[in-house]
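Taking it in order: structure first as structure tokens, then the write-up.
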Amino acid sequence: MYKYLLLLHILGATIWTGGHLVLAVTVLPRAVRSRSPEILLQFESGFEKLGIPALIIQVITGVWLAYLRIPSVTSWFALDNLASRLITGKLVLLLLTIMLAAHARIRIIPRLSNTNLNFLAYHIIAVTFISLLFVVLGVSFRTGGFF
Ligand code: HEM
């Protein structure tokens, strides 16, 4: 079971982080340069179909993998060993991602124009940076970490 969970988790990571890198590094600069929210909305509507299921798979497989590493859920937040610090870190990143996405969806995207495009750009850069941190923390489980 473990290997299938890990396979799905890594597949989801390639989609979520890879998709955001494409968005932040290639699509976003083009949209900002030409002051065109449509370019972003077009990419988002396509990416959403794969990106949202990928994030849901990350959460399901991630929580399952965390349970396999530390079977007592309350001990996930003990912070007295590397695995619990990494699991807590991942859950904090997940919360930040959800908050940023909800804020963009509810507050920014309905009123998106070329004047508030920069505000959405900061959100995209933040979510992309967080998606990279997810991978850094994920790899740290087996390697012992980078810090
Ligand atoms: C978009 C979000 C996420 C990304 C991009 C991501 C990425 C990764 C990556 C690249 C690994 C390394 C796998 C390996 O060792 O080969 C990993 C491992 C792991 N992730 Fe995530 N992850 C995400 C969300 C989550 C969430 C929400 C949790 C829940 C707490 C989680 C829990 C874990 C656990 C426990 C491992 C260690 C697996 C093991 O080696 O046993 N991840 N993650």
Side-chain angles (χ1 to χ4, degrees), residues 1-70 73 76-77 79 82-147:
M1 192 64 195
Y2 173 73
K3 62 183 174 190
Y4 297 108
L5 286 175
L6 197 56
L7 178 66
L8 278 177
H9 200 70
I10 291 174
L11 195 60
T14 61
I15 295 169
W16 183 254
T17 306
H20 277 91
L21 282 173
V22 172
L23 173 61
V25 175
T26 71
V27 182
L28 183 61
R30 206 165 2 109
V32 171
R33 254 197 321 271
S34 54
R35 296 264 115 214
S36 163
E38 292 75 33
I39 294 179
L40 277 183
L41 295 176
Q42 221 168 34
F43 180 88
E44 289 265 20
S45 75
F47 178 58
E48 238 173 32
K49 293 188 183 71
L50 209 59
I52 300 300
L55 184 60
I56 293 170
I57 286 175
Q58 286 316 92
V59 176
I60 296 169
T61 56
V63 167
W64 203 326
L65 287 165
Y67 184 75
L68 291 180
R69 281 206 174 240
I70 305 181
V73 176
W76 288 4
F77 309 102
L79 304 180
L82 181 66
S84 85
R85 284 195 287 275
L86 293 172
I87 290 169
T88 304
K90 285 217 163 195
L91 292 173
V92 170
L93 294 181
L94 179 64
L95 198 70
L96 287 175
T97 303
I98 292 170
M99 280 164 51
L100 281 165
H103 185 251
R105 203 52 39 246
I106 298 165
R107 294 272 170 154
I108 307 175
I109 292 176
R111 291 172 221 139
L112 192 61
S113 69
N114 46 13
T115 48
N116 65 0
L117 190 58
N118 283 354
F119 209 41
L120 184 61
Y122 295 132
H123 271 70
I124 291 172
I125 290 165
V127 173
T128 305
F129 185 66
I130 292 171
S131 78
L132 285 169
L133 285 181
F134 266 121
V135 175
V136 172
L137 292 195
V139 172
S140 302
F141 279 95
R142 284 173 213 233
T143 60
F146 298 88
F147 312 107

Hey, does [Y] have a side-chain heavy atom less than 4.5 Å from the side chain of [X]?
| X | Y | result |
| --- | --- | --- |
| Phe43 | Ile39 | no |
| Leu41 | Ile109 | yes |
| Ser84 | Phe77 | no |
| Ile124 | Val27 | no |
| Leu112 | Ile108 | yes |
| Thr61 | Tyr4 | no |
| Leu6 | Arg142 | yes |
| Leu91 | Leu95 | no |

Item to complete: Apply side-chain contact (heavy atoms from CB on, under 4.5 Å) to Tyr2 and Leu65, showing your working.
Response: CA-CA 7 Å; Tyr2 173 73; Leu65 287 165; 3.6 Å; yes
Margin query: Does atom CZ (Phe146) have a neighbourhood of more than 12 heavy atoms from anything else shown, all under 6.0 Å?
Written below: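 Yes, enclosed.
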Just checking Phe119: does its CZ atom have more than 12 heavy atoms from other residues, nucleotides or ligands closer to it than 6.0 angstrom?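 No, CZ of Phe119 has 12 or fewer neighbouring heavy atoms, counting only those of other groups under 6.0 Å.
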For [X] and [Y], which heavy atoms make the closest approach, and how far apart are they?
| X | Y | answer |
| --- | --- | --- |
| Phe47 | Trp16 | CZ-O, 4.1 Å |
| Leu120 | Leu40 | CD2-CD1, 3.8 Å |
| Pro29 | Leu23 | CD-O, 4.3 Å |
| Leu8 | Ile57 | O-CG2, 3.9 Å |
| Gly12 | Ala54 | O-CB, 4.0 Å |
| Ala121 | Val32 | CB-CG2, 4.4 Å |

Does [X] use its side chain to pair, donor to acceptor, with the backbone of [Y] at less than 3.5 Å?
| X | Y | value |
| --- | --- | --- |
| Ser45 | Gln42 | yes |
| Trp76 | Ile70 | yes |
| Thr88 | Arg85 | no |
| Asn114 | Pro37 | no |
| Ser36 | Ala31 | no |

Roughly how far, to the nearest 0.5 Å, is the [atom2] atom of [Y] from the [atom1] atom of [X]?
| X | Y | atom1 | atom2 | result |
| --- | --- | --- | --- | --- |
| Ile130 | Ile125 | CD1 | CD1 | 12.0 Å |
| Thr128 | Leu133 | OG1 | CG | 11.0 Å |
| Gln58 | Leu93 | CD | CG | 12.5 Å |
| Leu28 | His123 | CG | NE2 | 13.0 Å |

task: Begin from the C-alpha positions of Met1 and Trp64 and carry the test side-chain contact (heavy atoms from CB on, under 4.5 Å) through to its verdict.
output: CA-CA 10 Å; Met1 192 64 195; Trp64 203 326; 3.7 Å; yes
Quiz item: Between Val127 and Leu96, is a side-chain contact (heavy atoms from CB on, under 4.5 Å) present by the stated rule, with each step listed?
Solution: CA-CA 8 Å; Val127 173; Leu96 287 175; over 6 Å; no
(Q) Does Ile52 form a side-chain contact (heavy atoms from CB on, under 4.5 Å) with Ile56? I'd like the steps, not just the answer. (A) CA-CA 6 Å; Ile52 300 300; Ile56 293 170; 4.0 Å; yes
Practice problem: Determine, for Glu48 against Arg105, whether the closest basic-nitrogen to carboxylate-oxygen distance falls under 4.0 angstrom. | Solution: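 A salt bridge is present here (some side-chain N lies under 4.0 Å from a carboxylate O).
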Margin query: Aromatic contact between Phe129 and His20, with the criterion being ring centroids under 6.0 Å apart: yes or no?
Written below: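 Distance test on ring centres: not under 6.0 Å, no.
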query: Just by distance, with hydrogens left out, do Asn118 and Arg35 show a side-chain donor and acceptor under 3.5 Å apart?
result: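 The answer is yes; a qualifying pair exists.
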